[in-house]
Amino acid sequence: MDSTQLVQIRKDFYLNIRKRVESILGQESRALKTYRESYEREISKSNWQSVDKKHFFARLKQAEIVIVGDFHVQKQSSRGFLRIIRKVKTPFVIALECLRVTDQAAIDSFLSGELTEKDFLAKVAWKKNWGFPWDNYKALFKWAQVNKVKIYGVNSGKPNVSLHERDDFSAKAIKEIYQKNKSAKIFVQYGDLHLASSHLPKSIKQLIVKINLCTVYQSPEILYFKIMEKQKELSTDVVKLSPDIWALNGLPPWIKWQDYLLHLES
């Protein structure tokens, strides 16, 4: 078996798992399809290059806001996010899509130790309002507790809100966080699809003029196969798509979607 055949076998395996997920979720809406395609098109057209991690962290050091992708069903996404922030030596705060702006009092009480984990999850109605496994995010919150790092919720939590309206709402929340923490960097954890330049980053840049913003994808599957097709093996952990857009390749795409399938089946 040559390397081209191996790439195709891996791609077919990934697509099969993804189709099983999509069969459970049902047909996606036209709005979601357009939104997803915008994300995929940006990554597909990028002229990526493999870089040393030191260049990646040098870029993060310059940025005022860093948006890191989250594949909600996968614990590895939050672990990757945590690995990034643990290496940052300058003051920073964290903004999370998984929590609403209205959850802030409960977030503060939990981080200060006034609320138990059980009471915190009840107050923010985690299962109802987010629905993805708490265990995926637990280590991040525990680390923030120990290291006295502020966490903010940036989601509206409102039903029947369009994807772009969600971006706009979170951008406004991030602007308020930015204004309250002028001397601190903001690390935002947000769903993969929202990281396309025309999505959340655009909403933020429209509200905060000349903001130094950096986007970090985590294991985007399109990029994974582009790298394999060119290099035949995935031999790079850090990829630069542009000066402001980067990607970390921690996991093959079929692992991501197997986790999604297990989540749906459970």
Side-chain angles (χ1 to χ4, degrees), residues 18 21-22 25 28-46 60 63-74 76-78 80-81 84-85 93-101 103 129-132 136-137 140 151-178 185-208 211-223 239 241-242 244-248 250 253 256-257 259-260 263:
R18 182 159 179 168
V21 169
E22 291 169 350
L25 291 174
E28 66 181 354
S29 66
R30 181 178 296 181
L32 177 57
K33 183 175 184 292
T34 301
Y35 196 81
R36 174 181 55 77
E37 288 176 345
S38 177
Y39 158 86
E40 293 176 344
R41 187 165 51 250
E42 177 171 301
I43 297 176
S44 181
K45 291 183 177 180
S46 64
L60 295 191
E64 296 170 277
I65 297 176
V66 180
I67 311 174
V68 182
D70 180 32
F71 197 69
H72 307 318
V73 299
Q74 192 173 60
Q76 185 67 24
S77 283
S78 280
F81 182 71
I84 292 170
I85 61 177
V93 297
I94 297 170
L96 300 178
E97 181 194 9
C98 62
L99 293 167
R100 301 165 297 170
V101 169
D103 293 326
N129 292 320
W130 189 238
F132 297 102
N136 292 3
Y137 302 87
L140 174 61
I151 290 179
Y152 293 92
V154 295
N155 207 330
S156 71
K158 295 180 180 179
N160 303 319
V161 174
S162 74
L163 292 161
H164 286 292
E165 286 174 328
R166 285 175 59 188
D167 290 340
D168 290 343
F169 181 93
S170 292
K172 290 177 183 177
I174 291 167
K175 180 181 179 180
E176 291 182 8
I177 296 168
Y178 174 75
K185 195 184 304 292
I186 304 173
F187 279 93
V188 183
Q189 186 189 45
Y190 220 96
D192 290 349
L193 299 186
H194 296 275
L195 270 63
S197 297
S198 59
H199 299 168
L200 181 58
K202 179 180 179 181
S203 295
I204 294 173
K205 289 178 180 180
Q206 287 177 333
L207 290 176
I208 313 176
I211 188 69
N212 191 330
L213 186 147
C214 180
T215 297
V216 183
Y217 292 109
Q218 289 207 73
S219 302
E221 45 264 42
I222 295 174
L223 184 60
V239 176
L241 285 73
S242 79
D244 298 331
I245 303 174
W246 301 69
L248 302 180
K256 291 174 61 176
W257 287 84
D259 286 347
Y260 203 166
H263 171 72

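- Between Asn136 and His72, the closest heavy-atom pair is ND2-O, 3.2 Å.
- The residue from Tyr39, Trp246, Phe81 that alone fulfils the ring-ring contact (aromatic ring centres under 6.0 Å, His included) condition with Tyr217 is Tyr39.
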Tyr190 vs Asn155, test: side-chain hydrogen bond (donor to acceptor under 3.5 Å, both in side chains). Steps then yes/no. CA-CA 10 Å; Tyr190 220 96; Asn155 207 330; 4.9 Å; no

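- Under the 4.0 Å criterion applied to side-chain N and carboxylate O atoms, Asp192 and Arg36 are not assigned as salt-bridge partners.
- In this structure, the side chains of Lys256 and Ser219 come closer than 4.5 Å at one or more pairs of heavy atoms.
- Ile151 has its side chain out of reach of Val93: every pair of non-hydrogen atoms, C-beta onward, lies at least 4.5 Å apart.
- Side-chain atoms of Leu241 and Thr215, non-hydrogen and from C-beta on, never get closer than 4.5 Å to each other.
- Within the structure, salt bridge (charged side-chain N to carboxylate O under 4.0 Å, His left out) pairs that include any residue of residues 158-176 comprise Glu97-Arg166 (at least two apart or interchain).
- A distance of 8.0 Å separates CG of Leu96 from OG of Ser78, quoted to the nearest 0.5 Å.
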Side chain to side chain contact (heavy atoms under 4.5 Å, CB included) for Leu193 and Leu195? Distances and angles first, verdict last. CA-CA 5 Å; Leu193 299 186; Leu195 270 63; over 6 Å; no

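- Checking each of Glu28, His164, His194 against Tyr35 for a side chain to side chain donor-acceptor pair (under 3.5 Å) leaves exactly one that passes, namely His194.
- The CD1 atom of Ile43 sits 9.0 Å away from atom CD1 of Ile245, with the distance rounded to the nearest 0.5 Å.
- Atom OH of residue Tyr178 and atom CG of residue Leu207 lie 12.5 Å apart, to the nearest 0.5 angstrom.
- Side-chain atoms of Ser156 never come within 3.5 Å of backbone atoms of Phe169 as a donor-acceptor pair (strictly under, hydrogens ignored).
- With respect to Lys185 and Glu64, no salt bridge is recorded, no charged nitrogen being found less than 4.0 Å from a carboxylate O.
- Between Pro253 and Glu221, the closest heavy-atom pair is CB-CB, 3.3 Å.
- The shortest side-chain heavy-atom distance between Val188 and Ile177 does not fall under the 4.5 Å cut-off.
- Using a 3.5 Å distance cut-off with no hydrogens or angles, the side chains of Asp103 and Tyr152 do not pair a donor with an acceptor.
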Can Ile94 and Gln189 be said to form a side chain to side chain contact (heavy atoms under 4.5 Å, CB included), step by step? CA-CA 8 Å; Ile94 297 170; Gln189 186 189 45; 5.7 Å; no

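- A 4.5 Å side-chain heavy-atom check between Leu32 and Leu163 finds at least one atom pair inside the cut-off.
- Remark: side-chain polar atoms of Thr34 are paired, donor with acceptor, to backbone N or O of Arg30 under 3.5 angstrom.
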Could you walk me through whether Val66 and Val216 pass the side chain to side chain contact (heavy atoms under 4.5 Å, CB included) check? CA-CA 7 Å; Val66 180; Val216 183; 4.0 Å; yes

Give the intermediate values and the outcome of side chain to side chain contact (heavy atoms under 4.5 Å, CB included) for residues His199 and Ser38. CA-CA 9 Å; His199 299 168; Ser38 177; 3.5 Å; yes

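- A distance of 9.0 Å separates CD1 of Ile222 from OG of Ser46, quoted to the nearest 0.5 Å.
- Residues Asp70 and Gln218 fail the side-chain proximity criterion, which asks for heavy atoms closer than 4.5 Å.
- The CD atom of Gln76 sits 10.5 Å away from the CG atom of Leu248 when rounded to the nearest 0.5 Å.
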Kindly determine whether Phe132 and Tyr260 satisfy ring pair (Phe, Tyr, Trp, His ring centres under 6.0 Å), including the steps that lead there. CA-CA 10 Å; Phe132 297 102; Tyr260 203 166; 7.2 Å; no

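- Once rounded to the nearest 0.5 Å, the distance linking CD1 of Ile67 with CG of Leu200 reads 4.5 Å.
- A heavy-atom distance below 4.5 Å is not found between the side chains of Ile65 and Cys214.
- Here the closest non-hydrogen pair linking Val73 and Asp259 is CG2-C, 4.0 Å.
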